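All of these numbers come straight from a predicted model, not from anything done at the bench. Chain A is the first sequence line, chain B the second, and so forth, proteins listed ahead of strands; every chain is numbered from 1.
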There are 2 protein chains.
Amino acid sequence: MEVTLSRKEQIEKTATALFRKRGFSATSMRDLANELGIEAASIYSHIRSKEEILQRVCFRMANEFFEAIDKVDDPEATASARLQAAITAHVQVLTKNTEASAVFLYEWRHLSEPYHAEFLTLRDRYEKHFREIIKAGISIGEFKVPDEKFAVLTILSGLNWIHTWYKPDGKMNAEEIAANLATMLLNGLKQT
Amino acid sequence: MEVTLSRKEQIEKTATALFRKRGFSATSMRDLANELGIEAASIYSHIRSKEEILQRVCFRMANEFFEAIDKVDDPEATASARLQAAITAHVQVLTKNTEASAVFLYEWRHLSEPYHAEFLTLRDRYEKHFREIIKAGISIGEFKVPDEKFAVLTILSGLNWIHTWYKPDGKMNAEEIAANLATMLLNGLKQT
DNA sequence: CCTACCGATCGGTAGG
DNA sequence: CCTACCGATCGGTAGG
């Protein structure tokens, strides 16, 4: 599936790869221009600033994560089923966008205000979704956990390394990875 | 316990805090000098370069992690006991050095060669220790895991978020945190 | 999309 | 540990 990208999309994609490899601060507009085969000044015909690119990547990914878990959540299901679905959705987003995921996970701190604060609000709301599921599981005795926030952060970090490792043509596909991670991480909540 | 730091140690400690907060590339020597209350040029009486500080932090922490797991490993013990001990040791190092841990975990990619390659070699050797324990557990049927490397990376990332959250005066102390993490993450290996 | 350029800041050195 | 400074590079703009 080859898609023709607009110049703006090309810039965003190339910048994402560079931000991921070297970090936002260590990537210069001249690095980016070089990679695109144009002059640095020309980039500004398409974007307003270096940070705007970072903003677009971070908030687009935030959106992707929200949409993915909202789509699969069924509040009627058991906590285990809901958590498994959320984990699977999260892993799908990570594996479909490994570079943008890495930028989303590690470069958001270079956002200036008010974007920085807004990003943190979104991230907290996302984690809250997981906390709610775990709380529901605790209240009906399905899970046993010392602290929901603690459990959520352990689970999400246990998922978020995937971008460093995932290859589309590796021996596990996204579904298998999600299933293995869900099994490993869900079992930990069911301690007796 | 107040310790008098040498100027070099003060520089390293202050730089660690800044590298953690803003990232290595976004921290300037003038930022660091400002925080220390001296001129940027004066820093160079104590260190050779900005990168030297990063090198010292990264390799000192690598050493700390190695020493910690070597000290507690007992090859005669069960795989569960060994893994639990390794997890506890790892968490101890993380909680005792939250800022340096963050730098160790996220800023090593700004190391130049040959330090960068050496760092990756050390990190792989560290992970190998965990892989060996898991392999031993698999071979005697104590663990059931699709892929050792996969399991190790899940476990280590499930631990490595702690620096973002740990407060020495929080409601859980380092031992309780380690115990909770070990329980959550070990149960995942014992699936039937 | 380019040439030409801006002021600011970077890591680091010389010399005391 | 400071003053004085270096060449290089930064993000970004003017004007076409």
Side-chain angles (χ1 to χ4, degrees), chain A residues 4-59 100 103 106-116 119, chain B residues 4-59 100 103 106-116 119:
Chain A
T4 307
L5 300 178
S6 69
R7 202 47 156 164
K8 189 165 184 174
E9 288 167 331
Q10 273 181 53
I11 290 170
E12 206 174 297
K13 187 179 176 186
T14 308
T16 300
L18 287 173
F19 291 170
R20 186 251 179 96
K21 191 162 62 173
R22 308 184 193 173
F24 175 76
S25 295
T27 302
S28 75
M29 294 304 271
R30 281 152 182 89
D31 292 336
L32 176 54
N34 217 354
E35 203 76 26
L36 289 161
I38 59 178
E39 293 301 316
S42 306
I43 298 174
Y44 291 90
S45 311
H46 301 94
I47 54 120
R48 269 182 293 261
S49 69
K50 181 183 168 188
E51 196 193 311
E52 196 203 25
I53 308 177
L54 181 63
Q55 289 160 13
R56 290 174 61 90
V57 176
C58 287
F59 289 101
V103 173
Y106 303 119
E107 305 301 326
W108 57 266
R109 62 177 166 167
H110 296 109
L111 257 17
S112 63
E113 299 302 345
Y115 304 99
H116 185 264
F119 183 89
Chain B
T4 308
L5 300 178
S6 69
R7 203 47 157 164
K8 188 164 183 174
E9 288 166 331
Q10 274 180 52
I11 291 170
E12 205 173 299
K13 188 181 175 184
T14 308
T16 301
L18 288 173
F19 291 171
R20 184 252 181 99
K21 192 161 65 174
R22 310 184 193 172
F24 175 76
S25 296
T27 302
S28 75
M29 294 304 270
R30 281 152 182 91
D31 292 335
L32 176 54
N34 217 355
E35 203 77 27
L36 290 161
I38 58 177
E39 293 301 315
S42 306
I43 298 175
Y44 291 91
S45 310
H46 302 94
I47 54 119
R48 269 181 293 261
S49 68
K50 181 182 167 188
E51 195 192 313
E52 196 205 24
I53 308 178
L54 181 63
Q55 288 160 14
R56 290 174 61 90
V57 176
C58 287
F59 289 100
V103 172
Y106 302 120
E107 305 301 327
W108 56 266
R109 62 177 166 166
H110 296 109
L111 257 16
S112 63
E113 300 301 346
Y115 304 99
H116 185 265
F119 183 89

Worksheet item: Rounded to the nearest Å, what distance is computed from the CZ atom of residue A/R48 to the P atom of nucleotide D/dG12?
Response: 12 Å
Practice prompt. Among D/dC1, D/dG11, C/dG11, find the nucleotide with the atom closest to the side chain of B/H46.
Written response: D/dC1
Worksheet item: Within the structure shown, what part of the strands sits under 4.0 Å from B/S45 by heavy-atom distance: base, sugar-phosphate, or nothing?
Response: base
Practice prompt. Taking only the side-chain heavy atoms of B/R30 (C-beta and beyond), determine which of D/dG11, C/dC1, C/dG12 contains the nearest atom.
Written response: C/dG12
Worksheet entry | Interatomic distance where CD1 belongs to A/I38 and C1' belongs to C/dT3 [whole Å] | 14 Å
Practice prompt. Have a look at B/E12 and tell me which of B/R7, B/R56, B/E52, B/H46 forms a side-chain contact (heavy atoms from CB on, under 4.5 Å) with it.
Written response: B/R56
Fill in: B/K50 NZ - D/dT9 C1' separation (whole Å)
13 Å
Worksheet item: Nearest-Å distance, CG (B/L36) to C1' (D/dC2)?
Response: 15 Å
Discussion item. What's the closest nucleotide to the side chain of A/R7 if the choices are C/dC1, C/dG11, D/dA4?
Written reply: C/dC1
Worksheet item: What's the CD-P distance between A/E39 and D/dA14, to the nearest Å?
Response: 19 Å
Fill in: Rounded interatomic separation in angstrom, taking OH from A/Y44 and P from D/dC10
11 Å
Fill in: Geometric class of the A/F24/A/F19 ring pair [parallel <30°, tilted 30-60°, perpendicular >60°]
perpendicular
Worksheet item: Taking CD1 from B/I43 and P from C/dT13, how many angstroms apart are they, rounded to a whole number?
Response: 13 Å
Worksheet item: Counting only heavy atoms not in A/Y115, do more than 12 sit closer than 6.0 Å to its OH atom?
Response: no
Discussion item. Pick the closest DNA chain D nucleotide for B/A40 and for A/S49 by heavy atoms, then say which residue is nearer the 5' end.
Written reply: B/A40
Worksheet item: Distance only, no hydrogens: is a donor on one side chain within 3.5 Å (strictly under) of an acceptor on the other, for A/S42 and A/E39?
Response: no
Item to complete: Answer with base, sugar-phosphate or nothing: what part of the nucleic acid does B/S25 contact at a heavy-atom distance below 4.0 Å?
Response: nothing
Worksheet entry | B/S28 vs C/dT9: side-chain N/O to OP1/OP2 distance below 4.0 Å | no
Discussion item. Need the pair for D/dG16. Rule: Watson-Crick or G-U wobble, both distances under 3.5 Å, any strand; none if unpaired.
Written reply: C/dC1
Worksheet item: Any idea how B/Y106 and A/Y106 line up, ring-wise: parallel (<30°), tilted (30 to 60°), or perpendicular (>60°)?
Response: tilted
Item to complete: Searching all strands shown, indicate the nucleotide that pairs with C/dG11 (Watson-Crick or G-U wobble; both distances under 3.5 Å).
Response: D/dC6
